Amino acid sequence: MKPRVFIARPIQQAVIEQLERSCDVEVHSQDAPMDSLRLGEALSGMDAVISVGGGISAQVLAAAPKLRVVANIGAGFDTIDVEACTQRRIAVTNTPDVLTESTADFAFALLLAVSRKVVEADRYVREGNWRYGLWNLLWGTELSGKTLGLYGFGRIGQAMARRARGFSMRILYHARHRAGASVESQTGAEYVDLDTVLRASDFLSLHAPLNPESDHMLDARKLALMKPTAFLINTARGKIVDEQALAKALGDGRLAGAGLDVFENEPKIHPALMNIPSVVVAPHIASATEETRYRMAQLAAENLLAAFEGRRPPNILNPEVLDSSCTQKV
Ligand code: 8YV
């Protein structure tokens, strides 16, 4: 019997068709997340799910007794209860690598947008304010010679460093694990402790996963270490930042601005952030390019098919659920 697969969003048709060759596929018709109750109901008779951005809680799992595979579209898996999946011998996979460049592109786009007031300039012109060339108009901050601090130095953090190098920036980073000497020399990034990154950065860009260590890392106390001229860029996870403390620091002029793609309680945004001109906001789209979103869907499908065909899924997060020879079907 073919495995029954639920796809939680209407993803690319070519990927759906690829899965249909060997699976019975049901696709959620709306491009909107389902709440736990509805997702649990949808998964009740399913062998696998292609989730989009996680949302696989213990409550969902409890309603899905047949589930064997969770193939998530997305690199982050903070909203997937991987431990509960492992206990139930459910394989969990994600889609790293394929979104590295697009996410770093967007983080850098936010960095340029805030440093050169791109969104403010657009608003200024559209609102009919441009009548003649003022000398003192929308002056920004240049990047050359400035310090970019990176919190997290995995694939996306490193891709960000490579971009910054092309803009003649100095690069400092702090991460759980120090990178190897070859990565440091290729990217030009220097490892320092967290407080040094915060104190020295003109731009601080977050590239760490959300976990107990990073949760609210940037709180009022840490924000107070930053230069009042510094900008924060966040394309990682909103919960790494205490959004209330960030809004206060920006409102009080203790931080110059922020480029934010992620928020503590998406899609809600702290209202004070919306009224600060030096804040640029985006709806969690850092990985959203045609190319990347296709590769993400394809990779999730590949992970799922590998699991059912007795191959090791390329991005297995809990390999302990696999048979050691990896020839046993999950
Ligand atoms: C979203 C992301 O997951 O990969 C991640 O961790 O945050 C994003 O790529 C993507 O929008 C799918 O929901």
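Both ligands and their constituent atoms are indexed starting at 1 by order of listing. For the single chain, residues carry numbers from 1 onward in sequence order. Predicted model, so just to flag it, every value in this text is computed and none were measured.
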Looking at the rings of Y151 and H207, which for Trp means the six-membered one, are their centres under 6.0 Å apart?
-> no
Within a reach of under 6.0 Å around CD of E290, are more than 12 heavy atoms found that belong to other residues, nucleotides or ligands?
-> no
Indicate, with yes or no, if M226 and L111 share a hydrophobic cluster defined by side-chain heavy-atom contacts under 4.5 Å among Ile, Leu, Val, Met, Phe, Trp and Tyr.
-> no
Applying ring pair (Phe, Tyr, Trp, His ring centres under 6.0 Å) to F231 and not counting sequence neighbours gives F203
What's the verdict on side-chain contact (heavy atoms from CB on, under 4.5 Å) for L143 and S115, showing C-alpha distance, side-chain angles and the deciding distance?
-> CA-CA 8 Å; L143 304 190; S115 64; 3.7 Å; yes
Same apolar cluster (I L V M F W Y, side chains within < 4.5 Å links), Y294/I50 = yes
Inventory of protein N or O atoms under 3.5 Å from ligand 1 N or O:
unit_1: ligand 1; atom_1: 4 (O); unit_2: A75; atom_2: N; d: 2.6
unit_1: ligand 1; atom_1: 6 (O); unit_2: A75; atom_2: N; d: 3.4
unit_1: ligand 1; atom_1: 6 (O); unit_2: G76; atom_2: N; d: 2.7
unit_1: ligand 1; atom_1: 6 (O); unit_2: R237; atom_2: NH2; d: 2.8
unit_1: ligand 1; atom_1: 7 (O); unit_2: R237; atom_2: NH1; d: 2.8
unit_1: ligand 1; atom_1: 7 (O); unit_2: R237; atom_2: NH2; d: 3.3
unit_1: ligand 1; atom_1: 7 (O); unit_2: H284; atom_2: NE2; d: 2.7
unit_1: ligand 1; atom_1: 9 (O); unit_2: S287; atom_2: OG; d: 2.8
unit_1: ligand 1; atom_1: 11 (O); unit_2: R293; atom_2: NH2; d: 2.8

